[in-house]
Amino acid sequence: MTRKMLQFTHLPQRQPDKRAAALRRGDFHEISLGFDETRAGDQSSRCEQCGIPFCSLHCPVGNNIPDWLMLVAQGRMEEAYAASSATNTFPEICGRICPQDRLCEGSCVLEQSSHDSVTIGAVEKHITEHAFTQGWVKPGLPLSELGHSVGIIGGGPAGLAAAEALRRRGYGVTVYDRHDRMGGLMIYGIPGFKLEKPVVERRIRLMEDAGVVFVTGVEIGKTQSFAELRARHDAVLIATGVYKAKPLGLPGAERPHVHAALDYLIAQNRRDLGDAVAELDAKGKDVVVIGGGDTAMDCVRTAIRQGAKSVKCLYRRDRANMPGSKREVAHAEEEGVEFVWMAAPESISAEGVRANRMHLGMPDASGRQSPVVIAGSAFTLPADMVIAALGFDAEDVPTLFAAPDLAVSRWGTVEIDPQTQMTSLDGVFAAGDIVRGASLVVWAIKDGRDCAQAIHRYVSAKTAQAAE
Ligand SMILES: Cc1cc2nc3c(=O)[nH]c(=O)nc-3n(C[C@H](O)[C@H](O)[C@H](O)COP(=O)(O)OP(=O)(O)OC[C@H]3O[C@@H](n4cnc5c(N)ncnc54)[C@H](O)[C@@H]3O)c2cc1C
Ligand code: SF4
């Protein structure tokens, strides 16, 4: 079926239906039911086909959004898949977990003109899911082997996006990861109710079929040296992410019922993947999660699904000033999470979290109003499980890798030359969170793809030089 575009004047926005909150509280499956062909086509036809498409300009990978929306509206699904996959290594993953309200959909002119944006993320997911059912998604096999090899440290989205692009070009690619599974935070951080694990595993299998070699359980800097890796490969990519949890810095933070967010999420993701994990279960407990970002939202929603007695999120600013996605806060509230706004923890005891009420004072250097304690306002939230979700910093990579010449910023992130994507070490590149600090999957994909090109330029130039 073919449809005319610009239907936004009479077709209202309809995001995919969600499973009822009462149902989704009981499992870790995705909450969105996705589009069928008719809804995807209708919603795509709302697009105005802007001459300057702000949706694409605000997409980190520069997706040709108006093109694939028009193709879906016209029922030309195979071409839509070709356009969508040309700029993004994992479009069905971005369609599920990108914060579209802050990126493409937030910039869509329909959103800006109060017509409600085109449902870009849901259409993106639909295109590739349809492509998988039709058998259009194939391993990225190279036309010929180049005879060069690249070693990639870290099998998260940055490492995997680079691996896919390099293998397609004909490089021998080996990805090393300290975990027992590839995928990085897409497997062990992001919960199944946002991104079911088989969706990531399907991609990893395709890359294996293309000839990418995955080596799990290898921690570079510990079980294998960084110098050895550099000697083995023509180029090396550092894509190790950021994993040092920001400390709570409170009296009582070392108590046994206080847990780091990522330990907690990893335990549940392992259960979802079929591993037997007994610890870190919130069943029957009063849970308090400290923090207001997306990781905190993932923790509160996980605790609800584990059958916690009560789940509270303690955040020192108000709803308008929290860093987490508004959409995720709404999902958490629907599922029964209670938000305690404008309250900051003071200490943790066996009984729970003692906190103070706050008010918002003068804006700080970032422009956000600073929270200030209201004297005499202390109260205690009962808790037998406390989860600290204050974000992540970079580990000390130069020390871990015994590479003191690897330049890092004052935050510990690895510095790269923006033109060449190369670090201060010859032939060593870096991508993803370890360069940007904690960020998004889509930025990691962009960095990985950019690095693949940069590595190809570097190896080609070296090879040409050697031949002279
Ligand atoms: C709980 C949580 C929820 C999130 N939700 C979202 C979301 O909904 N949407 C979104 O866009 N982003 C989300 N993010 C952010 C997103 O997951 C990251 O920005 C992204 O995964 C970064 O990709 P990366 O490849 O740089 O690093 P990672 O995904 O962290 O992968 C790095 C890999 O390197 C490996 N590694 C590290 N050191 C070594 C070493 N020395 N040797 C071998 N291997 C090593 C690690 O085991 C890991 O597998 C979330 C993050 C968290 C923590
Ligand atoms: S900004 Fe919105 S209306 Fe314009 S091209 Fe992009 S999706 Fe279509």
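Counting starts at 1 for both ligands and their atoms, in listed order. Excluded from the calculations below are hydrogen atoms, water molecules and symmetry mates; all remaining heavy atoms, backbone and side chain alike, are included.
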Asker: What part of L185 sits under 4.0 Å from ligand 1 if we count only heavy atoms: the side chain, the backbone, both or neither?
Answerer: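 Both parts.
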Asker: Which option wins on minimum heavy-atom distance to atom 37 (C) of ligand 1: L400, V242, T223, T240?
Answerer: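 Among L400, V242, T223, T240, the closest heavy atom to atom 37 (C) of ligand 1 comes from T240.
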Asker: Between H115 and F8, does the ring centroid distance fall short of 6.0 Å?
Answerer: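 Centroid separation for H115 and F8: below 6.0 Å.
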Asker: Tell me, which protein residue and heavy-atom name are nearest atom 4 (Fe) of ligand 2, and how many Å apart are they?
Answerer: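 For this ligand atom, the closest protein heavy atom is C50 SG, 2.3 Å.
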Asker: Is a salt bridge present between R202 and E129, judged by a nitrogen-to-oxygen distance below 4.0 Å?
Answerer: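 Between E129 and R202 there is a salt bridge, with a charged N closer than 4.0 Å to a carboxylate O.
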Asker: Quick one: which of Y176, F401, F226, Y243 has a heavy atom closest to atom 28 (P) of ligand 1?
Answerer: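 Answer by nearest heavy atom: Y243.
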Asker: With respect to T295, determine whether any N or O atom, backbone or side chain, lies less than 3.5 Å from an N or O atom of ligand 1.
Answerer: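 Between T295 and ligand 1 (N or O atoms, distance only) the closest approach is not under 3.5 Å.
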Asker: Which is it for L265 and ligand 1 at heavy atoms under 4.0 Å: side chain, backbone, both or neither?
Answerer: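 For L265, the contact with ligand 1 is made by the side chain alone.
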Asker: Which protein heavy atom lies closest to atom 6 (Fe) of ligand 2, and at what distance to 0.1 Å?
Answerer: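 For atom 6 (Fe) of ligand 2, the nearest protein heavy atom comes out as C55 SG, 2.3 Å.
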Asker: Students should be able to answer this: which protein heavy-atom is nearest to atom 8 (Fe) of ligand 2, and at what distance?
Answerer: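 That would be C47 SG, 2.3 Å.
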Asker: Give the contacting part of M186 toward ligand 1: side chain, backbone, both or neither, where contact means a heavy-atom distance below 4.0 Å.
Answerer: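 For M186, there is no contact with ligand 1 at all, from either part.
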Asker: Counting both backbone and side chain atoms, is some N or O of P157 under 3.5 Å from an N or O of ligand 1?
Answerer: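 It does: an N or O of P157 is found under 3.5 Å from an N or O of ligand 1.
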Asker: Verify whether one side chain among Q15 and E105 offers a donor that lies under 3.5 Å from an acceptor in the other.
Answerer: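 Result is yes, a qualifying pair exists.
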Asker: Does a donor on one side chain sit under 3.5 Å from an acceptor on the other, for S149 and R232?
Answerer: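 No.
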Asker: Quick one: is the NZ or CZ of R305 closer than 6.0 Å to the six-membered ring centre of F193, and within 45° of its axis?
Answerer: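 Geometry flag: set, cation within 6.0 Å and 45°.
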Asker: Taking distance alone, with N or O pairs closer than 3.5 Å, would you say A158 contacts ligand 1?
Answerer: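 Yes: some nitrogen or oxygen of A158 is under 3.5 Å from one in ligand 1.
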Asker: Just by distance, with hydrogens left out, do D298 and Y264 show a side-chain donor and acceptor under 3.5 Å apart?
Answerer: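 The criterion, which ignores hydrogens and geometry beyond distance, is not satisfied for Y264 and D298.
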Asker: For ligand 1, indicate whether the residue D447 contacts it via side chain, backbone, both or neither (heavy-atom separation under 4.0 Å).
Answerer: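 It is neither part, as no heavy atom is under 4.0 Å.
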Asker: Measuring from atom 14 (N) of ligand 1, which candidate in G217, G155, S439 has the nearest non-hydrogen atom?
Answerer: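 Checking each option, the heavy atom nearest atom 14 (N) of ligand 1 is found in S439.
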Asker: Do we get R271 above F28's six-membered ring, with its NZ or CZ under 6.0 Å from the centre and within 45° of the axis?
Answerer: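 Here R271 fails the 6.0 Å and 45° test against F28.
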Asker: Hey, does L440 come in under 3.5 Å of ligand 1, counting only N/O atoms on both sides?
Answerer: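 In this structure, L440 places an N or O atom under 3.5 Å from an N or O of ligand 1.
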